[in-house]
Amino acid sequence: MFLALLAAGTALRVVTFFAYRPALLYQDSQGYLDNAEELVPFGRWPVVYPVFLRVLPLSQGLEVVPLVQHLLALLLAAGLYVLLLRLGLRPWLAALATAPLLLDAFQLLIEQYLMTETLFALLVLAACALLLWRRPIPLSFVALAGLLLALAALTRVVALIVIVPAAVTVAVAGARPSRWAAVAALIAAFAVPLGG
């Protein structure tokens, strides 16, 4: 079922990509493009998405951005499916959970825009996967999750609050060597990039 949904999602992304070439622009898109040149971190256009844009070969045209974002969204759906299987969901239920991500028209449209949402979602899912993958949570997973959440916050400022449920998860689920050392590592890995 997941492979069928993934194939349908891929087909819809191909249609969307060719229908709205080179890319869709929102009022913030130009700010992200301008900041990709300067890489100055400030509140309205945090710095991670401009870094992402700078890494892409934009000399080939703006269509590179939605192409990569569509691929990241497919990776996001696959990651969600694998995580849900790991958490014990039945395969058909895990596949259904990915359907909105793969088939929703708004999701397809947002991937075509030069906007932060797809990268942001991938960073948050990767952090969640690290915190939910094993019990007790290895300290390296905790620190990497903190770093990914910091990158998410430097992609969209709204992610600043996500550290709270992440810290609660680490405190409740337990980690090695101790849960409080793990909470401290999570907060430090989150705070250092933001402080920088």
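- Interatomic distance, CG of Leu24 versus CE of Met115, reported as 11.0 Å (0.5 Å rounding).
- Between Leu74 and Leu102, some side-chain heavy-atom pair lies under the 4.5 Å cut-off.
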Where do Leu76 and Leu72 land on the side-chain contact (heavy atoms from CB on, under 4.5 Å) test, with the steps shown first?
CA-CA 6 Å; Leu76 180 64; Leu72 289 178; over 6 Å; no
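- Without hydrogens or angle criteria, Thr16 side chain to Arg13 main chain gives no donor-acceptor distance under 3.5 Å.
- Considering every non-hydrogen atom in both Ala8 and Leu103, the closest pair reads CB-CD2, 3.9 Å.
- Rounded to the nearest 0.5 angstrom, Thr169 OG1 and Leu186 CG are separated by 9.0 Å.
- Few gaps surround CZ on Arg135; more than 12 heavy atoms of other groups in view lie less than 6.0 Å from it.
- Looking at Arg156 and Glu117, a side-chain N of the basic residue comes within less than 4.0 Å of a carboxylate O on the acidic one, giving a salt bridge.
- Considering all non-hydrogen atoms of both residues, Leu96 and Leu5 come closest at N-CD1, 4.4 Å.
- Summarising the geometry of Pro22 relative to Pro66, their closest heavy-atom pair is O-CG, 3.4 Å, with the distance given to 0.1 Å.
- Phe190 is listed as a side-chain neighbour of Leu160, based on a closest heavy-atom distance under 4.5 Å.
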Going through the distances and angles, do Val48 and Val51 end up as a side-chain contact (heavy atoms from CB on, under 4.5 Å)?
CA-CA 5 Å; Val48 170; Val51 168; 5.5 Å; no
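- Side-chain contact between Leu56 and Val68: present, with at least one pair of heavy atoms (C-beta onward) separated by less than 4.5 Å.
- No continuous path of hydrophobic side-chain contacts links Phe120 to Val47 [ILVMFWY only; heavy atoms under 4.5 Å].
- Taking hydrophobic clusters as Ile, Leu, Val, Met, Phe, Trp and Tyr residues chained together by side-chain heavy-atom distances below 4.5 Å, Leu139 does not share a cluster with Val168.
- The side-chain heavy atoms of Trp133 and Pro138, taken from C-beta on, include no pair separated by under 4.5 Å.
- Put simply, the side chain of Phe52 does not reach to within 4.5 Å of the side chain of Thr116, judged on heavy atoms.
- One finds the CG atom of Leu67 at 12.5 Å from the CG atom of Leu62 (value rounded to the nearest 0.5 Å).
- Put simply, the side chain of Gln69 gets close to the backbone of Tyr113: a donor and an acceptor are under 3.5 Å apart.
- Using modelled atom types, one side-chain atom of Gln112 and one backbone atom of Tyr20 make a donor-acceptor pair closer than 3.5 Å.
- Residues Leu147 and Leu125 fall within the same hydrophobic cluster, defined by Ile, Leu, Val, Met, Phe, Trp and Tyr side chains chained together at heavy-atom separations under 4.5 Å.
- Leu84 and Ala97 make their closest contact through CD1-CB, 3.5 Å (heavy atoms, listed as atom of the first residue, atom of the second, distance).
- Residues Leu151 and Pro193 are not in side-chain contact: their nearest non-hydrogen atoms beyond the backbone lie 4.5 Å or more apart.
- Taken together through direct or relayed side-chain contacts under 4.5 Å among Ile, Leu, Val, Met, Phe, Trp and Tyr, Val65 and Tyr26 form part of one hydrophobic cluster.
- With a 4.5 Å cut-off on side-chain heavy atoms, Leu154 and Leu194 count as touching.
- Hydrophobic clustering (side-chain heavy atoms under 4.5 Å, transitive across Ile, Leu, Val, Met, Phe, Trp, Tyr) keeps Val124 apart from Phe141.
- Using a 4.5 Å cut-off on side-chain heavy atoms (C-beta onward), Leu123 and Leu149 make no contact.
- Note: Arg86 CZ to Leu132 CG = 10.5 Å, rounded to the nearest 0.5 Å.
- Taking both residues in full, the closest heavy atoms of Leu85 and Ala94 are given as CD2-CB, 4.1 Å, listed atom of the first, atom of the second, then distance.
- Here the straight-line distance linking atom CD of Gln30 with atom CG of Asn35 works out to 11.5 Å at 0.5 Å rounding.
- Using cut-offs of 30° and 60° for the angle between ring planes, the Tyr49 and Tyr32 rings count as perpendicular.
- The heavy-atom pair separating Ala145 from Leu130 by the smallest distance is N-CD1, 3.7 Å.
- Distance CG/Leu80 to CZ/Phe2: 8.5 Å, rounded to 0.5 Å.
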